[in-house]
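Remarks on the structure that follows.
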Amino acid sequence: MYLSIIIPAHNEERRLPPTLKAIDAFLDHQAYDCEVLVVENGSQDLTAVVTEAYAADHPRVRLLREHGRGKGLAVRHGMLAATGQFRFICDADLSMPIEELPKFLPPLAGEYDVAIGSREVPGAHRFNEPVFRHVQGRVFSGLVKRLALPGFEDTQCGFKCFCAAAATDLFAVQRFDGMSFDVEVLYIAQQRGYRIIEVPIDWYYRSESRVQPLADPLRMLSDILTIRRNWRAGRYAADPRAGA
């Protein structure tokens with residue numbers, strides 16, 4: 001398998017069907033093999049039902065069930081279950097058009113271990129985003145850049161690609177089940193010397209965003225400090241679920 005697309009999905013019965021249709025139509029015109037893994041985690045709606053209904057007629061789509069809550073938990077489950085040489089995280093709202101995907105793959109991406117979609121580097125474009133949300137995002141990114149990941153402009157974009165070896169290594173030790181998993185994984189990758197690149201993308205603001213303007217930055221600050229302590233304590237040296 002060349003490419004695995006992992007879609008974390010919590011209460012996504014409405015947004016998921018058009019996203020799967022767009023991804024499937026795009027992949028029909030690609031020369032490589034691909035699997036699409038929808039990881040449903042703790043939904044109270046029909047996310048699993050609509051995914052299974054779509055997968056019944058589209059063999060590259062598969063449903064994974066994760067009863068716990070949290071985007072980090074869902075992505076970890078998908079990354080470790082995937083079989084692709086490249087493993088791509090894709091938000092269910094498809095705020096980045098799927099036609100941008102080739103930017104993350106050879107030959108356009110060049111040599112890398114981790115490629116992160118960026119809305120801030122030269123060549124990126126943001127559409128329809130309210131000013132207050134852009135300012136909030138820059139404050140958020142500045143916090144991450146100063147305390148954890150210097151040199152990167154946009155660590156929180158929901159579109160990232162990992163080569164198989166990096167995905168297996170990083171997600172085997174990653175601990176955060178919630179939104180801070182991005183920073184955690186990238187922090188571990190940077191500390192371990194993986195090659196990380198930022199990929200400029202076109203990105204469209206979706207009003208259904210679940211970011212909490214006040215609570216999320218405070219939670220992120222606390223999580224960043226925990227991530228740094230975990231690294232110093234050697235807690236990312238082995239799989240924590242193996243009793244390390």
Side-chain angles (χ1 to χ4, degrees), residues 1-13 15-17 19-20 23-24 27 33-56 58-94 101 104 113-117 155-189 194 210 219 223 226-227 230 235-236 238-244:
M1 188 68 63
Y2 182 72
L3 176 66
S4 298
I5 297 178
I6 295 99
I7 306 176
H10 173 72
N11 291 339
E12 294 289 1
E13 67 175 7
R15 297 196 293 186
L16 200 52
T19 289
L20 291 175
I23 291 174
D24 220 32
L27 293 174
D33 292 331
C34 181
E35 61 181 356
V36 180
L37 306 179
V38 177
V39 188
E40 185 281 319
N41 66 317
S43 297
Q44 285 80 51
D45 66 358
L46 300 178
T47 295
V49 174
V50 300
T51 301
E52 287 184 324
Y54 189 88
H58 300 83
R60 67 167 62 96
V61 178
R62 181 157 56 102
L63 173 70
L64 301 179
R65 303 295 296 265
E66 175 58 67
H67 297 293
R69 289 278 301 274
K71 185 177 181 180
L73 181 61
V75 170
R76 181 165 67 241
H77 185 156
M79 281 285 175
L80 296 178
T83 60
Q85 297 175 45
F86 295 93
R87 303 178 187 184
F88 182 73
I89 308 170
C90 178
D91 277 352
D93 65 2
L94 209 60
L101 178 58
F104 293 81
D113 300 303
V114 183
I116 59 179
T155 59
Q156 297 308 108
C157 183
F159 301 87
K160 295 179 174 68
C161 196
F162 298 76
C163 71
T168 300
D169 180 36
L170 296 171
F171 284 93
V173 299
Q174 179 262 329
R175 292 165 171 250
F176 279 92
D177 292 343
M179 300 296 288
S180 298
F181 86 95
D182 295 270
V183 175
E184 184 183 31
V185 167
L186 294 176
Y187 185 85
I188 300 168
Y194 281 109
R210 295 169 182 173
R219 187 179 302 113
D223 289 347
T226 300
I227 291 165
N230 284 347
R235 294 186 181 125
Y236 296 126
D239 187 339
R241 290 155 290 172

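No hydrogens, no waters, no symmetry mates; every other heavy atom, side chains included, goes into these values. FYI, the numbering just counts along the sequence from 1.
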Quiz item: So, are D177 and R76 salt-bridged, with charged N and O less than 4.0 Å apart?
Solution: yes

Practice problem: Mind listing the closest non-hydrogen atom pair of Y54 and L20 along with its distance? | Solution: OH-O, 3.4 Å

Quiz item: How long is the span from the CG atom in L3 to the CG atom in D33, to the nearest 0.5 Å?
Solution: 10.0 Å

Practice problem: Side-chain contact test, heavy atoms from C-beta onward, threshold under 4.5 Å: evaluate it for D182 versus T155 and give yes or no. | Solution: no

Practice problem: Verify side-chain contact (heavy atoms from CB on, under 4.5 Å) between L27 and I5, making sure each step is shown before the conclusion. | Solution: CA-CA 11 Å; L27 293 174; I5 297 178; 4.2 Å; yes

Quiz item: Do D45 side-chain atoms and E12 backbone N/O form a donor-acceptor pair below 3.5 Å?
Solution: yes

Quiz prompt | D223 and V183, any side-chain heavy atoms less than 4.5 Å apart | solution = no

Practice problem: Starting at OG1 of T226, measure out to CZ of R175 and round the result to the nearest 0.5 Å. | Solution: 11.0 Å

Quiz prompt | Euclidean distance, L186 CG relative to L170 CG, rounded to 0.5 Å | solution = 8.5 Å

Quiz item: Rounded to the nearest 0.5 Å, what separation is found between the CZ atom of R87 and the SG atom of C161?
Solution: 10.5 Å

Quiz item: Is the closest side-chain donor-acceptor distance between T83 and E35 under 3.5 Å?
Solution: yes

Exercise. Please work out whether the ring planes of F162 and F171 are parallel, tilted or perpendicular, with thresholds of 30° and 60°.
Key: perpendicular

Self-check item: Given M79, H77, R65, R62, the one that forms side-chain contact (heavy atoms from CB on, under 4.5 Å) with V39
Solution: H77

Quiz prompt | Salt bridge R15-D91, side-chain N to carboxylate O under 4.0 Å | solution = no

Quiz item: Any idea which heavy atoms bring N41 and K71 closest together, and the distance?
Solution: ND2-N, 4.2 Å

Quiz prompt | Pairwise distance CD1(I7) to CG(L63) - rounded to 0.5 angstrom | solution = 11.0 Å

Quiz prompt | Minimum heavy-atom distance between A164 and G84, given as atom pair plus value | solution = CB-O, 3.5 Å

Quiz item: Does E184 reach the main-chain N or O of F176 with its side chain, forming a donor-acceptor pair under 3.5 Å?
Solution: yes

Quiz item: Nearest 0.5 Å, what's the NE2-OG1 distance between H58 and T51?
Solution: 12.5 Å

Quiz item: With a 4.5 Å limit on heavy-atom distance, are the side chains of Q44 and N11 in contact?
Solution: yes

Quiz item: Only one of Q174, H10, E66 forms a side-chain contact (heavy atoms from CB on, under 4.5 Å) with L73, so which one is it?
Solution: E66

Practice problem: Locate the shortest heavy-atom distance separating Y194 from A165; write the atom from each residue and the value. | Solution: OH-O, 4.3 Å

Exercise. Of all the heavy-atom pairs spanning P8 and I89, show the shortest one and how long it is.
Key: CD-CG2, 4.4 Å

Quiz item: For A9 and V38, which heavy atoms make the closest approach, and how far apart are they?
Solution: CB-CG1, 3.9 Å

Quiz item: So, for F86 and F104, is the gap between ring centers shorter than 6.0 Å?
Solution: no

